[in-house]
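Written out below as structure tokens is the structure these notes cover.
Every heavy atom of this structure was used, including side-chain atoms; hydrogens, water molecules and symmetry mates were not. Both ligands and their constituent atoms are indexed starting at 1 by order of listing.
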Amino acid sequence: MEYIIETKNLLKRYGAKAAVNNVSLHVEKGEIYGLIGKNGAGKTTLMKLLLGLANPNSGEISLFGSNTPNEKRRKIGSLIEEPALYKGETALENLRRFAILVPTPEEELHRLLELVGLADVGDKKAGRFSLGMRQRLGLAIAMLGDPEILILDEPINGLDPAGIKEIRDIILELNQKGVTFLISSHLLDELGRIATKFGIMTDGILAEEISAKELKEKCRAFLKVTVSDSQKAQQALLAWRSDLKTEISGNEVHITSRVEDTSEIVITLVNAGVRVYEMRNESIELEDFFIERLG
Ligand SMILES: Nc1ncnc2c1ncn2[C@@H]1O[C@H](COP(=O)(O)OP(=O)(O)OP(=O)(O)O)[C@@H](O)[C@H]1O
Ligand SMILES: [Mg+2]
């Protein structure tokens, strides 16, 4: 497998502390990779290393399959922490300044402002922008020059729910056009709905990489059946289908095997003289999965 972003045993120390500790990251082309970790986990530091904004103590970085990443970084757009804006200038004037590095036609600048929802802020100077507006402008700056990869550090920090949805939609739209994303967050909500893969960082270590598909499988639903007598219910179910995977929890039977026609469960139980009070699908909350791992 060739990765569009790959690191091998990347290490970055600040004094005695390893902010990024032997991280081997694997991002495939076309992915929306969500880097999740608590404050201080090392997410920003890892991104800075990828972008060449900080130098690793050891380890390797490969971008677009190249081990000499410097020349490849032009194809990466980024928004790291707060964008450094010219406070006395408008959104458009700011964008023009950053476009000096990546020459861009004026109409494209307008299109970008439109895309991030800043087309109507007019003459307002960036110094008077809200946090959400600064984030939006930062995103527009990151998108200058049609990057193939966007590295976004907590891009929806400070946005209201409507803004979060807008940014999420922009990310999905660009992703459809082939842009690969690496997005950090300490909030699962931000990423849970769009990420195709998750990297879980704790204390500098990339503890786990898991695809959204694998995650769904791990959080798979079980059927919770609340009954009058769970022992008797379990026996009846196993007599009906000996391969059924069941667990008892109080007056509930949890069935983890897949059952096509769940009405057969009810019939089996009622025939065995067990009353069925409730039957519903349960799943481990995504949130619980991460909380357990983030420590
Ligand atoms: N320039 C620096 N000098 C010294 N220590 C640093 C520096 N940058 C980061 N660190 C330390 O490295 C660790 C990781 O920090 P980092 O900012 O990468 O975490 P993060 O996951 O981005 O956190 P947050 O969610 O708060 O943004 C922290 O302990 C931090 O104090
Ligand atoms: Mg950070």
Would you check the N or O atoms of [X], main chain and side chain alike, for any that come under 3.5 Å of an N or O of ligand 1?
{"X": "N39", "result": "yes"}
{"X": "E81", "result": "no"}
{"X": "A41", "result": "yes"}

Nearest to [atom], what protein heavy atom do you find, and at what distance?
{"atom": "atom 8 (N) of ligand 1", "result": "Y14 CE1, 3.3 Å"}
{"atom": "atom 19 (O) of ligand 1", "result": "G42 N, 3.1 Å"}
{"atom": "atom 16 (P) of ligand 1", "result": "T45 OG1, 3.6 Å"}
{"atom": "atom 14 (C) of ligand 1", "result": "G40 O, 3.4 Å"}
{"atom": "atom 12 (O) of ligand 1", "result": "A19 CB, 3.2 Å"}

Any heavy atom of [X] closer to ligand 1 than 4.0 angstrom?
{"X": "K38", "value": "yes"}
{"X": "G37", "value": "no"}
{"X": "K48", "value": "no"}

Structural part of M201 in contact with ligand 1, heavy atom criterion under 4.0 angstrom: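 The answer is neither.
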N, O or S atom of T45 closer to the Mg ion (ligand 2) than 2.8 Å: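 Checking the Mg ion (ligand 2) against T45, no N, O or S atom falls under 2.8 Å.
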Beyond-backbone contact of N175 with F181, side-chain heavy atoms, under 4.5 angstrom: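 Touching, per the 4.5 Å side-chain cut-off.
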R168 vs R193 side-chain heavy atoms within contact, under 4.5 Å: yes
Atoms of ligand 1 close to T44 [distance to a heavy atom under 4.0 angstrom, numbered from 1]: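 So the answer, numbered in order with elements, is 17 (O), 18 (O), 20 (P), 22 (O), 27 (O).
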Any ion pair linking [Y] and [X] (charged N to carboxylate O, less than 4.0 Å)?
{"X": "R111", "Y": "E108", "answer": "yes"}
{"X": "K29", "Y": "E2", "answer": "no"}
{"X": "K197", "Y": "E214", "answer": "no"}
{"X": "D203", "Y": "K17", "answer": "yes"}

K75 to F64 six-membered ring, cation-pi geometry met (6.0 Å, 45°):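 Satisfied, under 6.0 Å and within 45°.
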Six-ring centre of Y14, K12 cation under 6.0 angstrom, axis tolerance 45°: yes
Atom 30 (C) of ligand 1 within contact range, any protein heavy atom under 4.0 Å: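 So atom 30 (C) of ligand 1 lacks protein heavy-atom neighbours under 4.0 Å.
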For S78 against L51, the heavy-atom pair lying closest together: CB-CD1, 3.5 Å
Verdict with supporting geometry, Y33 and E28, side-chain hydrogen bond (donor to acceptor under 3.5 Å, both in side chains): CA-CA 8 Å; Y33 189 111; E28 285 169 49; over 6 Å; no
Options K17, E154, K43, ranked by nearest heavy atom to atom 28 (C) of ligand 1, top entry: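 When every heavy atom of K17, E154, K43 is considered, K17 comes closest to atom 28 (C) of ligand 1.
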